[in-house]
Each structure stands twice: as structure tokens, then as C-alpha cells.
Amino acid sequence: MVAVKKKNLKMFTLALLFVITITSFLLNYTNSLVMVTWDPKQIVTQLKKLMKYSQRPCSCSSCVPELGLSFWFDERFNQTVQPFLTTRNTFIPEESYKWWLKLQGEGNPKNINDTIKELFEIIPGDGEQLLERDVSRCRRCAVVGNSGNLRQSQYGQDIDAHDFVLRMNRAPTAGFESDVGSKTTHHFVYPESFRDLAENVSMIVIPFKTLDLRWIVSALTTGTINFTYVPVPRKIKVKRDKILVYHPVFIKYVYDHWLQHHGRYPSTGILSVIFALHLCDEVDVYGFGADSNGNWHHYWENNGSGGAFRRTMVHDGDFESNITLTLASVDKIRFFKGR
Ligand SMILES: CC(=O)N[C@H]1[C@H]([C@H](O)[C@H](O)CO)O[C@](OP(=O)(O)OC[C@H]2O[C@@H](n3ccc(N)nc3=O)[C@H](O)[C@@H]2O)(C(=O)O)C[C@@H]1O
Ligand SMILES: CC(=O)N[C@@H]1[C@@H](O[C@@H]2O[C@H](CO)[C@H](O)[C@H](O)[C@H]2O)[C@@H](O)[C@@H](CO)O[C@H]1O
């Protein structure tokens with residue numbers, strides 16, 4: 001009898017040791033700094049945490065897509081909306097299409113299905129692999145806006161330490177490395193904001209009209225399109241498999257869910273931030289913030305037209321800024337305010 005009891009006690013001790021070892025390993029693995037002790041209460045707490053962590057969508061200390069932490073965020077974030085237009089993803093519902101067509105008042109647009117078909121005869125139209133989830137991954141992204149608050153910020157090294165660095169429009173890095181970094185993995189453009197990119201950079205084209213999709217084809221082939229509402233480059237030197245296309249339905253999702261119809265349509269900055277929430281496990285935001293007059297000044301130039309969007313009401317900069325700050329306040333992004 002005593003021998004059996006001793007054996008059971010030994011088994012129990014061994015089992016407990018095993019659980020503690022596994023718990024400690026997994027908690028460390030999930031970047032959680034928790035001291036593992038023999039206190040039964042702590043063991044139960046840690047086991048509960050372990051159960052919670054095992055359902056987490058990534059291995060960072062916090063994961064953007066994790067729901068149940070902010071009602072505000074959960075109400076807006078919809079993981080099922082696809083950020084990229086791909087060959088498997090070309091359907092645009094009538095309502096979204098009609099909304100999108102009005103963004104830049106395109107008269108007499110070419111048929112959208114024919115346009116998309118032609119586009120994917122020229123570029124591969126993939127991008128799905130970027131959206132695959134992996135619970136053991138911690139993908140850290142930096143979204144770098146164009147604000148003058150980056151000047152003298154010395155954020156360069158921090159920005160470059162991210163897995164993905166997303167930039168936009170005409171933003172340069174050369175000459176500004178110590179403040180904005182030198183790494184770029186993805187660069188958002190539209191025809192009117194195109195700039196030459198290094199070979200290894202993925203160019204994400206945001207189409208605000210049918211002509212923007214046709215411009216991609218033209219710029220890689222015949223070079224016939226050289227004007228939209230301003231002159232645009234006839235030809236671009238970008239490898240075809242480095243071109244990704246932002247989904248028009250995703251633009252509407254940002255406008256409906258996140259901007260709640262403020263402004264005429266979302267700016268490139270807010271489109272990039274919400275896009276990053278869908279692709280990344282952690283999102284750090286740099287270079288967002290107007291100057292003291294509310295103008296969108298740039299870090300590389302003294303752009304006198306920084307307040308143009310205010311006059312044309314195309315974007316609601318104040319509302320967009322509130323969204324970014326709220327995302328930071330509910331710990332879904334980290335916001336680096338610059339100088
Ligand atoms: C005159 C004009 O049309 N300016 C627009 C320019 C312009 O078309 C491009 O720079 C051309 O390359 O583009 C925009 O934006 P822009 O290229 O200025 O900036 C990109 C995004 O960074 C954020 N930003 C910028 C400056 C600043 N002081 N504070 C900021 O928060 C914003 O989120 C902004 O969206 C655009 O595409 O959104 C919006 C701007 O309104
Ligand atoms: C200053 C302004 O409102 N210009 C608009 C122009 O808006 C710009 O469109 C860009 C995409 O093409 C991008 O969204 C940028 O942030 C906007 O400022 C277009 O709407 C254009 C359409 O014809 O009309 C210009 O007046």
C-alpha cells in the first residue's frame with residue numbers, strides 16, 4: 001500500500017515537473033516574461049495563460065489580429081476583406097464598384113473586367129502568400145508616412161529593424177537615412193505619385209480609377225498613357241513580379257469601417273496603416289502628423305501644397321489622425337510622433 005502511494009506521489013511529482021517545464025518553455029517562447037515558481041496558484045494562472053497563448057495568432061508579445069481586447073477595434077477590423085487584387089480575387093460587387101468609380105469622377109471608364117483581365121496577362125496577380133498566418137511568426141512592420149515630423153527624429157535604425165518597412169508616394173530615403181532609415185520592402189504608389197524604386201522593393205499600386213489599372217499595363221508595355229489628371233510616367237522600370245495591386249473593395253472597407261465616411265476617400269497614409277493591420281503581427285507607425293497649421297508637410301521638401309487636401313476636402317486628415325491615435329491607445333499599433 002505504502003509502495004503504491006509512494007509510486008503515485010513520484011508520478012504526480014514527475015507530471016508536475018513536466019507541466020512546469022513545458023509551461024516555462026512555452027511562456028518564454030511566446031516572449032512573455034513570467035517567473036515560473038512552485039506556487040500552485042501561480043501554476044494554475046500560468047496554465048490558464050498557456051491555454052490563452054496557445055490560441056494566439058502569432059508569437060509576438062501582442063498580435064494585431066487578436067480579438068477580444070478592444071471592442072472599438074473588433075467592431076472595425078474584418079480579417080476576411082482581402083487587401084490585394086489577385087487573379088483569384090477579381091470580383092468587385094456592384095455597390096463597391098459604383099462607389100469606387102465616383103472617387104475621381106472618371107467619365108466613360110473602360111470595362112473593369114476587361115481591364116483586370118488585361119492587367120493579369122501582364123503581371124502575376126498573386127500576393128496571397130503574404131496573407132498566410134503562422135502562429136509561430138512575429139512579423140513586425142513599420143509604416144512610414146511622409147510627415148515633416150521625421151526631420152531630426154533619428155528613427156532610422158529603429159525603422160530598419162522591422163521585417164517589413166512600408167513607405168509611400170514620392171518619399172525618398174537617400175540623404176535622410178538617419179531619420180527615416182534605408183530599408184523598404186513595400187512602397188505604395190498611384191500613377192500620379194510614382195517614384196523609381198530599388199529592384200528588391202515590392203510596389204503596391206493603389207488604384208483610384210480604372211485608368212490607374214490601365215496605366216500599369218501601359219507603363220510596362222506600350223507607354224501610351226502619359227496623363228491622368230496630371231502628367232504621369234509613360235514607362236516604369238519595375239519587375240512585373242514585384243507589382244501588387246491594392247484591392248478597390250479594401251479601399252471601400254477602410255472608408256466604411258474605419259473612416260465611417262469621413263472625407264471623400266481615404267488617404268494613402270490611412271490605407272497603408274489599415275493594410276498593415278491585415279498583414280502584420282505588430283505595427284509601428286512613423287511619420288504621421290500634420291504641422292501646426294494642420295498641413296501635410298513632407299520631411300524631404302518644403303511643400304507649399306501640403307494643405308491642398310483640406311481645401312478640396314478629399315481626405316479628412318483630422319478624423320484619420322484620430323483613428324491612428326485610437327489604434328495606439330488600444331495597443332494595436334505603436335505611434336512614434338517624431339519631433
Ligand atoms: C497636394 C496633394 O495632392 N497632396 C497629396 C499627396 C500627393 O498626391 C503626393 O504626395 C504626390 O506624390 O498625397 C497624399 O499624401 P502625402 O504623400 O503627402 O503623404 C502620405 C501620407 O503621410 C501622412 N502624412 C503626410 C504628411 C504629414 N505632415 N502628415 C501625415 O500624416 C498622411 O497619412 C498621408 O496620406 C496621399 O496620397 O495621401 C495626400 C496629399 O494631400
Ligand atoms: C489636392 C487634391 O484634392 N487633388 C485631387 C486629387 O486628389 C489626390 O488623389 C490622389 C490619388 O490620385 C491621392 O488620393 C491624393 O491624396 C489626393 O490628394 C484627385 O482626387 C483628382 C481627381 O481628378 O482631383 C484633384 O483635385
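Basis for what follows: all heavy atoms, side chains included, without hydrogens, waters or symmetry-related copies. Whatever order the structure lists ligands and atoms in, that order sets their numbers, starting from 1.
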**Report entry** side-chain contact (heavy atoms from CB on, under 4.5 Å) between Phe188 and Arg167, intermediate numbers included
**Finding:** CA-CA 6 Å; Phe188 295 92; Arg167 302 183 195 269; over 6 Å; no

**Report entry** Of Lys337, Lys332, Arg140, the residue whose pairing with Asp284 passes salt bridge (Lys or Arg N to Asp or Glu O under 4.0 Å)
**Finding:** Arg140

Query raised in the report: Under a 4.0 Å heavy-atom cut-off, what residues line ligand 2?
Result: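 Answer by chain and number: Gln104, Tyr190, Glu192, Phe208, Tyr229, Arg264, Tyr265, Ala308, Thr312, Val314, His315.
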
Report summary line: Sorted by chain and number, sequence neighbours left out, ring pair (Phe, Tyr, Trp, His ring centres under 6.0 Å) with Phe250 holds for Tyr246, Tyr253, His278

Report task. Return the set of residues passing ring pair (Phe, Tyr, Trp, His ring centres under 6.0 Å) with Tyr190 (not counting sequence neighbours), or none when no residue passes. Result ->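 Ring pair (Phe, Tyr, Trp, His ring centres under 6.0 Å) check on Tyr190 returns Phe208.
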
A quick test of your reading: do over 12 heavy atoms of other residues, nucleotides or ligands sit less than 6.0 Å from [atom1] of [X]?
X: Lys110; atom1: NZ; answer: yes
X: Glu121; atom1: CD; answer: yes
X: Glu75; atom1: CD; answer: yes

Requested in this report: Determine whether Ile216 and Ile204 fall in the same hydrophobic cluster, where Ile, Leu, Val, Met, Phe, Trp and Tyr are linked whenever their side-chain heavy atoms lie under 4.5 Å apart.
Outcome: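 As far as the 4.5 Å side-chain criterion goes, Ile204 and Ile216 are connected within one cluster.
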
Are there any protein N or O atoms under 3.5 Å from the N or O atoms of ligand 1? List them with distances, or say none.
unit_1: ligand 1; atom_1: 8 (O); unit_2: Tyr190; atom_2: OH; d: 2.7
unit_1: ligand 1; atom_1: 13 (O); unit_2: Asn169; atom_2: ND2; d: 3.3
unit_1: ligand 1; atom_1: 13 (O); unit_2: Tyr190; atom_2: OH; d: 3.0
unit_1: ligand 1; atom_1: 17 (O); unit_2: Asn146; atom_2: ND2; d: 3.1
unit_1: ligand 1; atom_1: 17 (O); unit_2: Asn169; atom_2: ND2; d: 2.7
unit_1: ligand 1; atom_1: 18 (O); unit_2: His298; atom_2: NE2; d: 2.6
unit_1: ligand 1; atom_1: 19 (O); unit_2: Asn146; atom_2: ND2; d: 3.4
unit_1: ligand 1; atom_1: 22 (O); unit_2: Asn146; atom_2: N; d: 3.3
unit_1: ligand 1; atom_1: 28 (N); unit_2: Ser147; atom_2: OG; d: 3.4
unit_1: ligand 1; atom_1: 28 (N); unit_2: Gly289; atom_2: O; d: 2.9
unit_1: ligand 1; atom_1: 28 (N); unit_2: His297; atom_2: N; d: 3.1
unit_1: ligand 1; atom_1: 28 (N); unit_2: His297; atom_2: O; d: 2.9
unit_1: ligand 1; atom_1: 28 (N); unit_2: His297; atom_2: ND1; d: 3.1
unit_1: ligand 1; atom_1: 29 (N); unit_2: Gly289; atom_2: N; d: 3.3
unit_1: ligand 1; atom_1: 29 (N); unit_2: Gly289; atom_2: O; d: 3.0
unit_1: ligand 1; atom_1: 31 (O); unit_2: Gly289; atom_2: N; d: 2.9
unit_1: ligand 1; atom_1: 35 (O); unit_2: Ser267; atom_2: OG; d: 3.2
unit_1: ligand 1; atom_1: 35 (O); unit_2: Gly269; atom_2: N; d: 2.9
unit_1: ligand 1; atom_1: 37 (O); unit_2: Asn169; atom_2: ND2; d: 2.9
unit_1: ligand 1; atom_1: 37 (O); unit_2: Tyr190; atom_2: OH; d: 2.7
unit_1: ligand 1; atom_1: 37 (O); unit_2: Thr268; atom_2: OG1; d: 2.5
unit_1: ligand 1; atom_1: 38 (O); unit_2: Thr268; atom_2: N; d: 2.9
unit_1: ligand 1; atom_1: 38 (O); unit_2: Thr268; atom_2: OG1; d: 3.3

Requested in this report: Would you check if Arg88 and Gln82 make a side-chain contact, meaning some heavy-atom pair closer than 4.5 Å?
Outcome: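 No, every pair of side-chain atoms sits at 4.5 Å or beyond.
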
